[in-house]
Amino acid sequence: MSLVVVGSMAFDAIETPFGKSDKIVGGAATYIAWCATNFTPVKQISIVGGDFPAEELSALKARGVDLEGVQIKKEEKSFFWSGRYHMDMNSRDTLITELNVLANFEPKVPESYQDCEFLMLGNLVPSVQRSVIEQLRQRPKLIVMDTMNFWMDTMPEELEKTIAMVDVLMVNDSEARQLSGQYSLVKAAATILRMGPKFLVIKKGEHGALLFHDNKVFFAPALPLEEVFDPTGAGDTFAGGFIGHLAKTKDISFENMKTAIIIGSALASFCVEKFGTTKLREISANDITERIEEFVQLVHFDINLQ
Ligand code: AMP
């Protein structure tokens, strides 16, 4: 039984008010894999061009990422994304999206991935995400989907078809508003939950994340950090921590999802401390435990209403 991750593997160029990166390795599935492997091995589905560094693939393999489902198109270029963050580091503008290999990506689920119990659909063309669900002979125990405004703008119908097939949808606050046409996040959540998913996670950057299910809601804060260096991949890292914990514990109750969003938030707080995946490669199990403990302290209080 395994965790299968689908998503982009890419080159990114990032500008923040405090610095600029050259082309560095990024992509939704890259961040998810670096993060989720802290909890469980990953079977990866993606596509890269001949320009994608072989040593990056070897590093992921050494980390416990099965790359049988990653296609390498030697003659083509990898997906490229460039973004510029605003002063608050919460909002950003996409400067360039070059789909390259992603333009004609037809994922092939290897036979050895058919034991998929947990499926993480990282940000990707919605029809490609759906194709992976359809190729699995047995429906996974849990399907989690991340997406972004780019697909809401360019292919809303395709996106809604995929959303209807998943258990958990993850979006940020502005995407929840765009998808639902509602400004209130509570109303937005009710509208989105009627589209199919049973659970909805709304990420609010430095203001934490909300988990909605039926009439229940849970809030997890983000760790107040003195310095946010590069928020790229924070959402994907959050997703990696969330699904990694659920896949490890095999418990998909609302209660365990609360723990999963705290773990996702803790891991995301590491991601933003350095450019790209740098910090995620450095952290130890001990660092993660300590960070989660900081979260517990952050929200813990005693109250006496007598
Ligand atoms: P996040 O900051 O968590 O939203 O994720 C940023 C990552 O998503 C970057 O590493 C990009 O390479 C990747 N990304 C950006 N736009 C897209 C897109 N349209 N499709 C797939 N991946 C994307």
Side-chain angles (χ1 to χ4, degrees), residues 5-16 21-36 44-49 51-52 56 60 77-86 89-105 107 120-129 132 144-156 158-159 162 170-176 201-206 209 222 228-243 264-265 267-280:
V5 171
V6 190
S8 54
M9 293 175 76
F11 285 118
D12 293 341
I14 299 147
E15 287 179 36
T16 76
S21 76
D22 291 331
K23 270 192 175 186
I24 55 173
V25 167
T30 311
Y31 283 98
I32 297 170
W34 275 107
C35 178
Q44 189 93 323
I45 296 180
S46 190
I47 187 165
V48 295
D51 52 357
F52 200 81
E56 288 294 331
L60 284 167
K77 281 165 72 180
S78 300
F79 174 70
F80 174 63
W81 176 80
S82 169
R84 182 189 293 137
Y85 288 89
H86 301 173
M89 296 291 260
N90 253 348
S91 49
R92 71 182 176 205
D93 298 320
T94 289
L95 303 177
I96 305 170
T97 299
E98 283 175 13
L99 291 177
N100 298 328
V101 283
L102 273 191
N104 299 311
F105 180 32
M120 178 69 230
L121 301 171
N123 187 18
L124 201 60
V125 191
S127 56
V128 173
Q129 293 176 315
V132 172
V144 180
M145 173 186 182
D146 188 15
T147 189
M148 74 185 298
N149 54 349
F150 183 78
W151 310 116
M152 295 175 196
D153 295 334
T154 56
M155 40 185 84
E158 280 296 319
L159 180 65
T162 307
M170 288 184 173
V171 282
N172 68 29
D173 41 2
S174 64
E175 290 158 353
V201 177
I202 300 183
K203 298 167 286 179
K204 289 157 60 72
E206 65 173 329
V228 171
F229 202 70
D230 170 20
T232 309
D236 310 312
T237 305
F238 176 94
F242 179 85
I243 193 97
S265 305
L267 268 296
S269 75
F270 284 119
C271 174
V272 303
E273 288 181 350
K274 291 195 176 169
F275 263 128
T277 55
T278 314
K279 185 75 184 189
L280 291 180

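Whatever order the structure lists ligands and atoms in, that order sets their numbers, starting from 1. Since the structure is predicted, the reported quantities are computational estimates derived from the model, not experimental observations.
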(request) State which residues pass ring-ring contact (aromatic ring centres under 6.0 Å, His included) with Phe229; sequence neighbours excluded, sorted by chain then number. (result) Phe275
(message) Does this structure show an ion pair linking Asp146 with Lys203, if we count only N-O contacts that are shorter than 4.0 Å?
(response) yes
(request) May I ask you to list the atoms of ligand 1 that are less than 4.0 angstrom from any heavy atom of Ala10? (result) 12 (O)
(request) May I ask you to identify the nearest protein heavy atom to atom 22 (N) of ligand 1, giving residue, atom name and distance to one decimal place in Å? (result) Ser8 OG, 2.8 Å
(request) Compute the minimum heavy-atom distance from Phe80 to ligand 1 and say whether it is under 4.0 Å. (result) no
(message) Suppose I only count heavy atoms of Asn123 and a 4.0 Å limit; which atoms of ligand 1 are within that range?
(response) 17 (C), 18 (C), 20 (N), 21 (C), 22 (N), 23 (C)
(request) Say whether, by atom type as modelled, one donor and one acceptor occur between the side chain of Ser78 and the main chain of Gly49 under 3.5 angstrom. (result) yes
(message) Give the atom numbers and elements of ligand 1 that come within less than 4.0 Å of a heavy atom of Gly27.
(response) 9 (C), 10 (O), 12 (O)
(request) Check whether any side-chain heavy atom of Val101 sits under 4.5 Å from a side-chain heavy atom of Phe52, and report yes or no. (result) no
(request) Within a distance under 4.0 Å of any heavy atom of Trp151, pick out the atoms of ligand 1 and give their elements. (result) 18 (C), 19 (N), 20 (N)
(message) If I take atom CG from residue Asp230 and atom CD1 from residue Ile24, how far apart are they, to the nearest 0.5 angstrom?
(response) 6.0 Å
(request) Please indicate whether any nitrogen or oxygen in Gly26 is less than 3.5 Å from any nitrogen or oxygen in ligand 1. (result) no
(request) Would you mind running through ligand 1 and noting each atom that sits below 4.0 Å from a heavy atom of Phe150? (result) 19 (N)
(request) Give yes or no for whether the N/O distance cutoff of 3.5 Å, strictly under, is met between Phe11 and ligand 1. (result) no
(request) Please identify which atoms of ligand 1 are closer than 4.0 Å to at least one heavy atom of Tyr31. (result) 10 (O)
(request) Report yes if some N/O of Met148 lies less than 3.5 Å from some N/O of ligand 1; otherwise report no. (result) no
(message) Just to confirm my output: which protein heavy-atom neighbour is closest to atom 6 (C) of ligand 1, and how far is it?
(response) Asp236 OD2, 3.5 Å
(message) Are the side chains of Thr30 and Glu56 in contact, using a 4.5 Å heavy-atom criterion?
(response) no
(message) So, using side-chain contact (heavy atoms from CB on, under 4.5 Å) as the criterion, who are the partners of Glu206 when residues are at least two apart?
(response) Asn90
(message) Side chain or backbone, does Thr97 bring an N or O within less than 3.5 Å of an N or O on ligand 1?
(response) no
(message) Can you confirm whether Glu158 sits close enough to Trp151 that some side-chain heavy atom of one is under 4.5 Å from a side-chain heavy atom of the other?
(response) no
(request) With heavy atoms of Gly235 as the reference, note each atom of ligand 1 found under 4.0 Å away. (result) 3 (O)
(message) Side chain or backbone, does Arg92 bring an N or O within less than 3.5 Å of an N or O on ligand 1?
(response) yes
(request) Calculate, to the nearest 0.5 Å, the distance between atoms CZ and OG belonging to Phe11 and Ser21 respectively. (result) 12.0 Å
(request) Evaluate the side-chain proximity of Trp81 to Asp12: yes if any heavy-atom separation is below 4.5 Å, no if none is. (result) yes
(request) Taking the side chain as every heavy atom from C-beta outward, state whether Arg92 and Pro231 have any atom pair closer than 4.5 Å. (result) no
(message) Need the ligand 1 atom indices (1-based, order shown) with element for anything under 4.0 Å from a heavy-atom of Phe79.
(response) 12 (O), 14 (N), 16 (N), 17 (C), 18 (C), 20 (N), 22 (N), 23 (C)
(request) Using distance alone, determine whether Asp12 and ligand 1 share an N or O pair under 3.5 Å. (result) yes
